[in-house]
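Report on the structure given below.
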Amino acid sequence: MGSLGKEAAADRVVLAVNGARHEAAGVDPSMTLLEFLRTRTPVRGPKLGCGEGGCGACVVLISKYDLATDKVTEFSASSCLTLVGSLNHCSVITSEGIGNTRDGFHPVQQRLSGFHASQCGFCTPGMCMSIFSALVKADKTGDPAPPLGFSKLTCSEAEHAVSGNLCRCTGYRPIIDACKSFAADVDLEDLGLNSFWKKGIDRADVGKLPGYSSGAVCTFPEFLKAEIKGQTNDVPAATYDGWYRPKSIQELRNLFDSNWFDENSVKIVASNTGAGVYKDQDLYEKYIDIKGIPELSVINRSNKGVEIGAAVSISKAIEVFSDGTPVFRKISDHLSKVASPFVRNTATIGGNMIMAQRLPFASDIVTVLLAVGSTVTIQTASKMLCLTLEEFLEQPPCDAKTILLTIFVPDWGSDSVIFETSRAAPRPFGNAVSYVNSAFLARTSGDAASGELIVDEICLAFGAYGVGHATRARKVEEFLKGKPASAPVILEAVQLLKDVISPSEGTTHPEYRVSLAVSFLFSFVSSLSNNLNEPAKSIAPNGSCAESSPEKHGKVASDGLPIRSRQELVFNDEYEPVGKPITKAGAELQASGEAVYVDDIPAPKDCLYGAFIYSTHPHAHIKGVNFKSSLASKKVITVISAKDIPAGGRNVGSGFPMLGDEALFGHPVSEFAGQNIGIVIAETQKYAYMAAKQAIIEYSTENLEPPILTIEDAIQHNSYFPVLPFLAPQPIGDFDQGMSEADQKILSGEVKLESQYFFYMETQTALAIPDEDNCITVYSSTQLPEITQNVIADCLGIPCHNVRIITRRVGGGFGGKAMKGSYVACACALAAFKLRRPVRMYLDRKTDMIMTGGRHPMKVKYSVGFKSDGTLTALHVDLGINAGISPDLSPLMPSSIIGSLKKYNWGALAFDIKLCKTNVSSKSAMRAPGDVQGSFIAEAIIEHIASELAADPNAIRRKNLHSVESLTKFYGDAAGDAPTYSLVDIFDKLASSSEYRSRAEAVGWFNGGSRWKKRGISCVPITYEVRLRPTPGKVSILNDGSVAVEVGGVEIGQGLHTKVKQMTAFGLGELCSDTDGLLDKVRVIQVDTLSLIQGSFTGGSTTSEVSCEAVRQACAVLVKRLRPIKERLETKSGAVTPWSALIAQATMASVNLSAHAFWTPDPAFVKYLNYGAAVSEVEIDVLTGATTILRSDLVYDCGQSLNPAVDLGQVEGAFVQGVGFFTNEEYTTNADGLVVNDGTWTYKIPTVDTIPKQFNVELISSARDKKRVLSSKASGEPPLLLAASVHCAMREAIRAARREFSVNSPLTFQMDVPATMADVKELCGLDVVERHLQRLCSPAAKA
């Protein structure tokens, strides 16, 4: 290595983790902090959600101590990107470190629990740390001390605190309330349902919240300060072998000149956040950390501008620019929308710019700094250069030895300078790459003669539109100089710009991006005119947020409005503690990170790790699999393939009785892009991931038919799956007769719905441990433990009693952990069975997204007849469903689709449904499978009819809601008794109210006065059929009186265990007067397929209620056994027998204290209907296509809720997941059907900034029905359908825009799912700016 290596390398990293000293000695230099924490320490709180810094599941607090200033600096960071080698003498705090079971929970954890803000819990530790970090940061400011119990955090800061954290379960509203509870400016009465006070009854008081005081957690231990103080200055800053940390540019250059330097095996890093964008394709032997070079961390201010070192973090740059001139403050504001807080804290300005120079990286930072005339200083192998940013970008990509040193941003002052930046992205707060970004700077002067403003200087920078890097539109700049900002001038500038902005081939939404660039230019240049300042015109919110006033919000953009909410719930104490809104069982454990998920189970001795090698070809013979010559390929221990399936076993990875199965391996033919070909086995999960990337698959398509990829292809080739007769829906009435009775007909309507990815936070995972006598135990994250057991036994050729599946909890499922969960479990089991060693798999996010499919895409054609008054007479639907390569659960789809479509009385209903078999990943039952599509199809048809009749869609909806008689005709026994039909009342409560009418009028008023923002409002009803099914339950009372409960259902975040605990306490309550005390004694234990058989599956929304009923029956058995003993004791003593005494006596009397029940529903009542409705109001930006949900009001009939807090969370979470489906979640594939939106960078689920600004939920209780479980109803899936109200409101807003700009067919247009920003803009008109300017330039306008 030479003398240099000895100088710059040491052998260990010392860091503190939750106050305890740890050494990272002899670890791989590529090891991330997350990997170190989870494999080298007891910590399990930080989770791997994406590996991209895009989800927040792995957030920790990092603290550094500055010896010179004697100050500690804290910041949140993504531990999945932070390399442990960069953390010498740093302190790391995880969720366990701020509070835990042993030391007591932190107020952040307690409040998240108390506000019911944790469901599956996988994201909760990261949420905790984001909130805690925001509190630490706020409390270090110089702001005045807050009132007792609060922090210095503001409500606005609280909403932004978790802006980078993803949650798929809760819908975010309760998380935001928990955050806001710390804010000094909060009105506590505005916060939602919680366990600290009863809303509407008790007074909200900070004293009732878990007490908060700043500084209670030590973020940097004294022993580490002492070590830092004790080291001598000549001790190198480097860490261990393979990690180098030069302390000067000269040292860095010396490293470059070393004989071992090779850019293919050496990585230069400052924070490593770039690895979240451009994933490492191989392992690196050595790392050079340039963060310690002083020249790269300079911050110099002068009257000429600001010089910033390339290694300065984006967060620090934001801080620097925020304290400056208007131009600097605008830069700061724009930078705050880059990435997320925990990425900005470590990501560097220079790293972002170097990526933009070398790679097609859509940088916002480069665009903004380009517009203000920034310059950069770079160090090449031979010299130092100072270049304009434009020159730097246009150079050939910098080599590895070229280092960006500093960036200089000139000070433009504030006189006569106009500077604006813009970005169009799916998330207003950031954490999303822009479709287009721009930054414009201009100087103007007045023309004395005309009074117009003249453009003297102008710089127009555009980025992210599909070219290599940000560019200046110089032709447009030259044209505008010396001209007034008049309509004819802007129109010509726009035409010039359209020639300049030319996205490269393969760019998504190219026309939309050009249109965005035009919109940004128009908005800016028209603002320079005295007469054309229309896009900047602000209209106050119209009362959509009830407390908003025009005076207060006149200048607040709708996407910047605070989030408000209201919850109206019905509480019932008849069956206490059932019906009480108690907090979710284990919520504090989830918040502290102590709740154990499959990947948290400590690795057994000799554990190996697996990763899938998947096909990228949709239909090809697999001729062989080889590996590139690389560092990662050397880590391969073996590859498990179809040939390793034991004799007597089968190549099966998934299957459901009577529906069919799917192969574990594509062998000998790969049948879809994304199919598993083999399993790489390595010593660590990271090595397995990296090794799988090295695989080279040899394909042949000889003698194979071309792949069938689309619904159209399948229909052409008659490629279908059969639907079993007993699963097929039945037509209703006589379609031909109904059409003959119609006054009007639509004969060729069409609508398309794309797929949606599950995006559970915990990816597919399993741990298989071989046991004696060909037995195997598999810890699996699955919704179908019993099916998984059967599939593994089938694959290995062993009896089911040799296979034990254990599932404690699942980090989000939504149907994706049902059939899809068995693949990973089966793969692990096969590898462990073959190798006789434990094998663990935890899929990386990309592989998970590519392999596991999602919701079913559909193409619908319809013919409908109706009367002139809107009464429906007949409907025929031609429905094509893309099921993918295997049946999975697709044969269940037709009945679900038609079931929710039947919510309206169509008169007669006929259909032709084709379940298409295609060469894509099999689609599965995602939350509300089929029902959400069917319900939306009904709305699309209703809106089409309303357009034809020029009628109010709500009037058409109301007219065609079922009567009790027609409901029975369409739904049969599921319709239930007449008093339980609540949909008409629910719909009238919302759509016929005076408030709705006034809001609709206000929307019309707004649209009449606003050209570039349009609003829409819509009310959508839903009917959702659910089915009850047999399920087991087992209740065991232990000697000390504690109670262990087993049920067949799996806790996936839906509150199953919470409701079961309540039902157990109720069921045994006859024996114990203190039901609350009894509740604390109950524990629901993990699912074990050899302990409780016939566990069925977790799904269909009824698992909680049927599990509760099974447990109630088991409790009844125990009560029957124990009641005689209790009566005897009380007769003898004359006093109430305590629970503990009763159980002690029963134990002595050898009473069987364990009872098992297998509940089966009454054959006359196996299904029932759920009802709800929602009103949503949206605002669309005609210039960008962005949609803001101003308000959503949900009314849902929950029956007599078993737990209103749990059901409220299910309603809100399902609705927001539905919003994602209907708006921004683009499930995109390439020409081979391979998923390309395969990570958090490209697939955008809802975040805190995309939920309704006012989010109101009312749970009502319909008439009692003793046939249901304590008169309760399902809540997990039906509310997802209500999100169609957002899509319908968007349609109304688009209609208003089309009227404004005279786009063809202003009332009738096809609007598919999802309606993304690009779709909304296209439907409004990609050329609205040009149309508007042409109108202004016309002689009529001038006259």
Side-chain angles (χ1 to χ4, degrees), residues 277 334 337-338 355-356 359-368 370-371 393 420-428 430-440 460-477 490-491 493-525 535 754 1012 1180-1187 1223-1226 1228 1230 1236-1237 1241-1244 1294 1297 1301 1303 1312 1314-1333:
V277 193
H334 193 105
K337 295 180 176 65
V338 172
M355 280 202 304
L359 301 158
F361 175 60
S363 168
D364 278 70
I365 293 173
V366 164
T367 305
V368 172
L370 179 61
L393 293 172
E420 291 294 340
T421 71
S422 301
R423 73 193 305 268
R427 294 171 178 162
N431 199 25
V433 177
S434 306
Y435 288 112
V436 173
N437 53 50
S438 66
F440 307 139
L460 306 171
F462 294 91
Y465 61 87
V467 288
H469 55 74
T471 58
R472 284 179 60 175
R474 287 195 174 273
K475 285 185 181 177
V476 185
E477 293 172 3
I490 300 174
L491 181 58
V494 162
Q495 300 298 347
L496 273 174
L497 181 67
K498 288 165 80 171
D499 293 332
V500 172
I501 301 295
S502 180
S504 58
E505 189 176 343
T507 301
T508 58
H509 312 300
E511 299 88 355
Y512 169 59
R513 293 174 193 262
V514 173
S515 179
L516 282 175
V518 166
S519 295
F520 292 158
L521 178 68
F522 167 63
S523 298
F524 179 70
V525 181
E754 296 300 335
W1012 304 109
I1180 63 168
D1181 187 326
V1182 179
L1183 291 171
T1184 65
T1187 298
T1223 58
N1224 278 330
E1225 293 187 38
E1226 278 191 284
T1228 307
N1230 67 11
V1236 291
N1237 281 5
W1241 278 87
T1242 47
Y1243 192 85
K1244 298 299 179 184
I1294 292 167
F1301 295 100
V1303 175
D1312 297 330
T1316 63
M1317 288 177 69
D1319 296 321
V1320 171
K1321 172 68 173 156
E1322 187 170 343
L1323 289 169
C1324 289
L1326 294 173
D1327 60 349
V1328 288
V1329 168
E1330 295 91 315
R1331 284 172 177 267
H1332 172 64
L1333 290 170

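Keep in mind that the numbers below use all heavy atoms, side chains included, and drop hydrogens, waters and symmetry copies.
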**Message:** Ser422: which residues meet the side chain to side chain donor-acceptor pair (under 3.5 Å) condition with it, sequence neighbours left out?
**Reply:** none
**Message:** Show the nearest heavy-atom pair for residues Phe522 and Leu1183, with the distance to one decimal.
**Reply:** CD2-CD2, 4.3 Å
**Message:** Let me confirm one number: the CG-CG distance from Leu1323 to Asp1312, rounded to the nearest 0.5 Å.
**Reply:** 8.5 Å
**Request:** List in chain and number order the residues that pass side chain to side chain donor-acceptor pair (under 3.5 Å) with Asp1319, two or more places apart in sequence or in another chain; answer none if no residue qualifies.
**Result:** Thr1316
**Message:** Leu1333 and side chain to side chain contact (heavy atoms under 4.5 Å, CB included): which single residue from Val518, Leu491, Asp1327, Val1328 fits?
**Reply:** Leu491
**Message:** Restricting to salt bridge (Lys or Arg N to Asp or Glu O under 4.0 Å), what partner residues turn up for Arg472, sequence neighbours left out?
**Reply:** Glu477
**Asked** Quick one: does Phe1301's side chain get under 4.5 Å of His1332's, heavy atoms only?
**Response** yes
**Residue pairs passing the salt bridge (Lys or Arg N to Asp or Glu O under 4.0 Å) test where at least one lies in residues 498-516, sequence neighbours excluded** = Lys498-Glu1330
**Message:** List the residues meeting side chain to side chain donor-acceptor pair (under 3.5 Å) with His469, not counting sequence neighbours, and say none if there are none.
**Reply:** none
**Fill in**
Exactly one candidate in Val514, Thr367, Thr471, Asn437 meets side chain to side chain contact (heavy atoms under 4.5 Å, CB included) with Tyr465; the answer is Thr471
**Prompt:** Quick one: salt bridge (Lys or Arg N to Asp or Glu O under 4.0 Å) partners of Glu420, sequence neighbours excluded?
**Reply:** Lys330
**Item:** From CG (Leu370) to OG (Ser438), nearest 0.5 Å
**Value:** 11.5 Å
**Message:** Between Lys1244 (side chain only) and Asn431 (backbone N and O only), is there a donor and an acceptor less than 3.5 Å apart?
**Reply:** yes
**Residues in side-chain contact (heavy atoms from CB on, under 4.5 Å) contact with Val277, at least two apart in sequence or another chain** = Met355, Phe361, Trp1241
**Request:** Taking salt bridge (Lys or Arg N to Asp or Glu O under 4.0 Å) as the test, write out the residues that go with Asp1181, two or more places apart.
**Result:** none
**Request:** I would like to know whether His334 and Asp364 meet side chain to side chain contact (heavy atoms under 4.5 Å, CB included); could you show each step before the answer?
**Result:** CA-CA 8 Å; His334 193 105; Asp364 278 70; 2.6 Å; yes
**Item:** Candidate pair Leu521 and Leu460, rule side chain to side chain contact (heavy atoms under 4.5 Å, CB included), full reasoning
**Value:** CA-CA 8 Å; Leu521 178 68; Leu460 306 171; 3.7 Å; yes
**Minimum-distance pair of heavy atoms, taken over all atoms of Ala473 and Phe462** = CB-CE1, 3.9 Å
**Prompt:** Which pair of heavy atoms, one from Ser519 and one from Lys1321, lies closest together, and at what distance?
**Reply:** OG-NZ, 3.6 Å
**Message:** One pair to check against side chain to side chain contact (heavy atoms under 4.5 Å, CB included): Thr1187 and Thr1223. What are the steps and the verdict?
**Reply:** CA-CA 9 Å; Thr1187 298; Thr1223 58; 5.7 Å; no
**Test salt bridge (Lys or Arg N to Asp or Glu O under 4.0 Å) applied to Glu1226 - qualifying residues, sequence neighbours left out** = none
**Asked** Do you know which two heavy atoms are closest between Ala439 and Ala371, and how far apart they sit?
**Response** O-CB, 3.3 Å
**Request:** Apply side-chain contact (heavy atoms from CB on, under 4.5 Å) to Pro428 and list each qualifying residue two or more places apart in sequence or on a separate chain.
**Result:** Asp559, Asp1249, Thr1250
**Prompt:** Shortest non-hydrogen contact from Tyr435 to Ala425?
**Reply:** CD1-CA, 4.4 Å
**Prompt:** For Ser502, which residues count as a side chain to side chain donor-acceptor pair (under 3.5 Å) partner, sequence neighbours excluded?
**Reply:** none
**Item:** Phe524: partners by ring-ring contact (aromatic ring centres under 6.0 Å, His included), with sequence neighbours left out
**Value:** Phe440
**Asked** Tell me, do Leu393 and Val366 make a side-chain contact under 4.5 Å, heavy atoms counted?
**Response** yes
**Request:** Find out whether Ile1294 and Ile1180 are in side-chain contact, i.e. whether some heavy atom of one side chain is under 4.5 Å from a heavy atom of the other.
**Result:** yes
**Request:** Kindly give the heavy-atom pair with the smallest separation between Met1317 and Thr1184, and that separation in Å.
**Result:** CE-O, 3.8 Å
